[in-house]
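Comments concern the structure below.
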Number of protein chains: 2
Amino acid sequence: MKGTKAGRRGLGRVTAEEVARRLGVSQSTISRAFSPSASISDEMRTRVANAAMELGYQPNIIARSLITRRTGIVAIVIGNLVDPFYTTLLDILTDRLQAGGKQTLLFSSSRAGGLDAIMPTLLQYQVDGIVITSAAVTSDMARICAKRETPVVLLNRNVPGLDISAVCCDNVQGGRQMARHLVGLGHKRFAFVVGQPDASTSLERQQGFVSELAQAGISSCVIEQAGEYSYEAGYEAALRLAAGASRPEAVFFASDIMAIGGMDAFRSRGLSVPGDISVVGFNDVPLAAWPTYALTTVRHPWEQMAARVVDLLGVDAAAAPVRKAVTELIPGDLILRGSTGPRRDQ
Amino acid sequence: MKGTKAGRRGLGRVTAEEVARRLGVSQSTISRAFSPSASISDEMRTRVANAAMELGYQPNIIARSLITRRTGIVAIVIGNLVDPFYTTLLDILTDRLQAGGKQTLLFSSSRAGGLDAIMPTLLQYQVDGIVITSAAVTSDMARICAKRETPVVLLNRNVPGLDISAVCCDNVQGGRQMARHLVGLGHKRFAFVVGQPDASTSLERQQGFVSELAQAGISSCVIEQAGEYSYEAGYEAALRLAAGASRPEAVFFASDIMAIGGMDAFRSRGLSVPGDISVVGFNDVPLAAWPTYALTTVRHPWEQMAARVVDLLGVDAAAAPVRKAVTELIPGDLILRGSTGPRRDQ
DNA sequence: TTGAAAGCGTTACCAT
DNA sequence: ATGGTAACGCTTTCAA
């Protein structure tokens, strides 16, 4: 008899077929009832909706994606989930995607052996788009994704030669703003603390900072290597700066979390911030606004960046994703707080 | 001709069919080559592997899942991505799942209108399991998931009546440990700061704390409502405690992030921690170990909890998931740091 | 060991 | 507006 077919269903999942039988209509009709643009009578639509509700039917998105070729899944590859910078980014991005009906498939690149290890599985899931916040993208990957027509957007990374879209805070301009602010306070001796030495973000902030200092007639700036973007690395770098021969009056850390580590380190050595030394960071993570730190920093235009990323992925409309690779450079805002102050006469 | 069929392939995705044609074998053979347990000659397996490599073929997991009924996707519903407690949890959990070949589909419950709004879409993705870290699970949801045979594990939440598995830190025992520690330091006047008033975590910690205090002969403990688990809420609660008539000597905040807000608040009022007031939290997030805070706290057995969750999901083996709902209560460790000190004679 | 064919649950096209 | 049917890309019997 006809009933046997659906009877051997493995899991307790209701299919369109069952709803159809219940209503004595064809399975196609059930499908149409869940497609807003399909031509179906209002009456039938509500009948199906009711039956679906009763039986607990929801269309299987996975099966649907096989034919629509859209899974509604966007992969986000994130550096780590310890640095508040990344978690803030993830928070805002996930929220925006969710609002657009897209889901987030999360990949942490730090632990799982880098992007190379992740990329294949990621593509196996037929994601509609990929957001990479921190990892070395190779031209091979770019080519593969382009061939599959899977849009890739680099967030907070700029790899000029690669024909991949990128959304970035204007790090150079941010560095310049910082220099102007600190020079305006009368400081003479500066230091810049490098995060990951190969990260474009750190390099660009440094470049903007140093070049603007030079333009203000200050030709020297101590460059201190922290090795990585972390509280501990910032802490250690600050200790070295504090112990150095000529202690800087103002220190620009390449990221907030390093700057906060740095402030703690300076204070642990009895130095007052900003009394003895001014400290600034970059990002404006929530921590930076805490009264203990009150960190002067450059605010990442979070919302705007997330909005542009979603745009470039082309996930909202049914329209084809943006073909040509573009690089968006969004300016950040200088946020003045209590960690910077005027030069003290000595 | 035969070629037309695959020719109208929409996106630049290579299918098993194409690899098969390239090798002059059947599509089934390609499938078998990617199934470790299938019976296929070694020679054929390597031939397929090579051809797949050349063409850039990878099996489509989505299509596979239609028949295997396993997507390899686990949904994680997380309270928010601002509290380091949740991000730490997410970090460890994602890592463990990734190690087991499972991927994380991330849902933030705070912004998107709660679990009720999320649950339907989540199930549409045919996830192999669901981890809920913070949200109100209703019996309806439990029933629906049970019917679908989708394992659900509550992490850091205990809902006794619901026949859903849960993995939890032993909050009562943690509260007791805290009480013993602080009583041992000689303190007499205590306060407990409640996080979310309806959260079982906060209630249990409070219960353990207060009952152990009572056992030590201390019958009164100020209960202060913070309203939510956040830095700001902890800060405000601490200000109220500091301004109160009889200031407590030791304050137990229901979570680390609140405790840290509280420390900042006390210090902003000129109080020394632990000189004037001892502060403790719960979780042991990375922040808690920073020298500025050096927070005495109860360490969540992160790794162990994550391991148990993955276990209960039954995602590792092909074996059927655990049927019976179990509640795992894992004891936390008391971590002594600098935020607590002996009672000062007054 | 391999190939042919029947699904998996859906959408989309073509009739009616 | 509705029903039948062919995909989508894969796994899995069943034959050979």
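Predicted model only: the values in this text are computed from it and were never measured. Below, chains carry the letters A, B, ... as their sequence lines are ordered, and counting in each starts from 1.
Between dG9(C), dG3(D), dT11(C), one nucleotide has an atom nearer to the side chain of Ser26(A) than all others, and that is dG3(D).
Separating the CD1 atom of Ile30(A) from the C1' atom of dT11(C) is a distance of 14 Å, rounded to the nearest angstrom. Separating the CZ atom of Arg148(A) from the C1' atom of dG9(D) is a distance of 12 Å, rounded to the nearest angstrom. Atom-to-atom, CG of Leu66(A) to C1' of dT11(D) comes out at 13 Å; the value is rounded to the nearest Å. The interatomic distance linking Ile61(B) (CD1) with dT11(D) (C1') rounds to 14 Å, in whole Å. At whole-Å resolution of the value, CZ in Arg21(A) and P in dG9(C) are 12 Å apart. Per the geometry, CD belonging to Gln126(A) stands 9 Å off C1' belonging to dG9(D), to the nearest Å. One interatomic measurement links the two molecules: CD of Glu17(A) to C1' of dT5(D), which rounds to 13 Å at whole-angstrom precision.
Under the 30°/60° scheme for interplanar angles, the aromatic rings of Phe85(A) and Trp302(A) are found to be tilted.
Glu18(B) has its side chain out of reach of Tyr57(B): every pair of non-hydrogen atoms, C-beta onward, lies at least 4.5 Å apart. For the pair Thr150(A) and Ile130(A), the minimum side-chain heavy-atom distance is below 4.5 Å. Between Ile164(B) and Val137(B) there is a side-chain heavy-atom pair separated by less than 4.5 Å.
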Scan nucleotides 12-16 of chain C against the protein and return all N/O pairs shorter than 3.5 Å with their distances rounded to 0.1 Å.
unit_1	atom_1	unit_2	atom_2	d
dA12(C)	N6	Ser28(A)	OG	3.4

In residues 92-101 of chain B, what donor-acceptor pairs under 3.5 Å come from side-chain atoms, sequence neighbours left out?
unit_1	atom_1	unit_2	atom_2	d
Thr94(B)	OG1	Leu90(B)	O	2.7
Asp95(B)	OD2	Arg111(A)	NH1	3.0
Arg96(B)	NH1	Glu303(B)	OE1	2.9

Validation: residues 112-121 of chain B side-chain donor-acceptor distances under 3.5 Å, sequence neighbours left out:
unit_1	atom_1	unit_2	atom_2	d
Thr121(B)	OG1	Ile118(B)	O	2.8

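In this structure, Ser65(B) OG and Leu66(A) CG are separated by 8.5 Å, a value rounded to the nearest 0.5 Å. If you take CD on Gln126(B) and CZ on Arg69(B), they are separated by 8.5 Å, rounding to the nearest 0.5 Å. Within the model, atoms CG of Leu105(B) and OH of Tyr125(A) stand 10.0 Å from one another, a figure rounded to the nearest 0.5 Å.
From one end of the helix from dT1(C)-dA16(D) to dT16(C)-dA1(D) to the other, with five pairs defining each end axis, the axis direction shifts by 40° (rounded to 10°).
Using a 4.0 Å cut-off, some side-chain N or O of Arg69(A) falls inside it from OP1 or OP2 of dG9(D).
DNA chain C lies under 4.0 Å from at least one heavy atom of each of the following residues of residues 38-58 of chain B: Ser39(B), Ile40(B), Ser41(B), Met44(B).
Electrostatic pairing of Glu149(B) and Arg13(A) does not count as a salt bridge here, judged by no charged N lying under 4.0 Å from a carboxylate O.
Here Thr201(B) pairs with Tyr229(B) under the side-chain hydrogen bond (donor to acceptor under 3.5 Å, both in side chains) rule; sequence neighbours left out.
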